[in-house]
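In what follows, chains are A, B, ... by sequence order, proteins preceding strands, each numbered from 1. Just so it is clear, the values below take in all heavy atoms, side chains as well, and ignore hydrogens, waters and symmetry mates.
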Number of protein chains: 2
Amino acid sequence: MRDYYTITELTREFGISTRTLRFYEDEGLIHPVRRGRTRLFRPADRILIKQILRGKRLGFSIAEIREIIQMYKAPPGEVGQLRTIINKAAEKREELRQKRKDIEDTLAELEQVEEACLGRLAELRVTS
Amino acid sequence: MRDYYTITELTREFGISTRTLRFYEDEGLIHPVRRGRTRLFRPADRILIKQILRGKRLGFSIAEIREIIQMYKAPPGEVGQLRTIINKAAEKREELRQKRKDIEDTLAELEQVEEACLGRLAELRVTS
DNA sequence: AGATACTCTTACGTAAAAGTCAAATAAGTG
DNA sequence: CACTTATTTGACTTTTACGTAAGAGTATCT
């Protein structure tokens, strides 16, 4: 496990631009340290980037991703805070289950599409 | 099953604006018929709207949703076309499986968050 | 030393997906 | 029929998530 990654190393690993990483920093999603003015990304930042990109793939906005990330690193906190986090996490999980159902439905429909196409291809071979 | 729905009925059912439905029409995703200038939505349009919103929940762009919808209603077509559709469908399915994995991972992490919070709550009750 | 490769900040630009507003029609109701 | 409510088109605006370009600093290679 490396101590530090440069910004370009990470853009190459994840196929994103430097602008994107700086944008995520501006948005408070990551907090690379500095040597002079240059950003140095630690393994923890790298994992955060993975989580951000995963959230993006699922269609979450930056704001939503920030919320999710903040749940991960919520400090011990007091009772009220803990309850709030538990509720938010439950909400997000419900949303994720809905998305999962959406995926299952779409997958099923696409499988039907494929079957229909294969069936039609078979027909064409017989007919021709 | 109703013959026609007005635009407002559908905005209420799906919690979207008229602007949104007109935008989807402009984008060629739906094709409501007209009585005079007024749009009348048929059950088929309603189902399309459901599919569009499902795609949106999964983070697909309008362009991607259009592609998916076009696969559903692809005509018999000739061999080359059929193969193209089969390939596209396979691609989309792969993408969906990735999203499903992302969901599983995020769900697992959020469950950990909840457990950690519950554990901390239990501690607080004992400690106090 | 010069070239090459990274990096920084600042600022303006842009595409997607609607939101908002105006002005005009149309339709349904007491 | 007047009134209200729904609908239309068209145009302008907004938000999000970056892209892009300028101008300057820094580090490494040759």
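OP1 and OP2 of D:dT16 both lie 4.0 Å or more from every side-chain N or O belonging to A:Arg66.
D:dT8 atom P lies 9 Å from atom CG of B:Leu40, rounded to whole Å. Between B:Glu9 atom CD and D:dT5 atom P the separation is 17 Å, expressed in whole Å. Protein atom CG of A:Asp26 is 12 Å distant from nucleotide atom P of C:dC8, rounded to whole Å. Here C:dC8 presents its P atom at 8 Å from CD of A:Glu25, a figure rounded to the nearest Å. Rounded to an integer number of Å, the gap from CD1 of B:Ile7 to P of D:dT9 is 9 Å. Between B:Arg34 atom CZ and D:dT8 atom P there is a gap of 6 Å when expressed in whole angstrom units.
The pair B:Glu67-B:Lys92 does not meet the salt-bridge criterion, since no charged nitrogen lies less than 4.0 angstrom from a carboxylate oxygen.
Partners of B:Glu91 by side-chain hydrogen bond (donor to acceptor under 3.5 Å, both in side chains), not counting sequence neighbours: none found. Not counting sequence neighbours, A:Arg35 has no partner by the salt bridge (Lys or Arg N to Asp or Glu O under 4.0 Å) test. Applying the side chain to side chain contact (heavy atoms under 4.5 Å, CB included) criterion to A:Asn87, with sequence neighbours excluded, gives no partner residue. Scored by the side chain to side chain contact (heavy atoms under 4.5 Å, CB included) test, B:Glu111 finds A:Arg93, B:Leu107 as partners (sequence neighbours excluded). Taking A:Arg22 as the reference, nothing meets the salt bridge (Lys or Arg N to Asp or Glu O under 4.0 Å) condition, with sequence neighbours excluded. Looking at residues two or more places apart in sequence or on another chain, you find no salt bridge (Lys or Arg N to Asp or Glu O under 4.0 Å) involving B:Lys50.
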Would you give a per-nucleotide map of nucleotides 14-20 of chain C, 5' to 3', where B means the base has a protein non-hydrogen atom under 4.0 Å away, S means only the sugar-phosphate does, and - means neither? ---SBBB
B/S/- contact track for nucleotides 22-30 of chain C, protein heavy atom under 4.0 Å: ---S-----
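Listed by first and then second residue, the salt bridge (Lys or Arg N to Asp or Glu O under 4.0 Å) pairs involving residues 71-87 of chain B amount to none (not counting sequence neighbours).
As judged by a 4.0 angstrom heavy-atom cut-off over every strand, B:Arg12 is placed among residues touching the sugar-phosphate backbone only. Contact annotation for A:Arg39: backbone-only contact, meaning every heavy-atom pair under 4.0 Å involves sugar-phosphate atoms and none involves a base.
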Determine, stepwise, if the pair A:Arg42 / A:Asp45 fulfils salt bridge (Lys or Arg N to Asp or Glu O under 4.0 Å). CA-CA 5 Å; A:Arg42 288 155 304 182; A:Asp45 296 309; 3.5 Å; yes
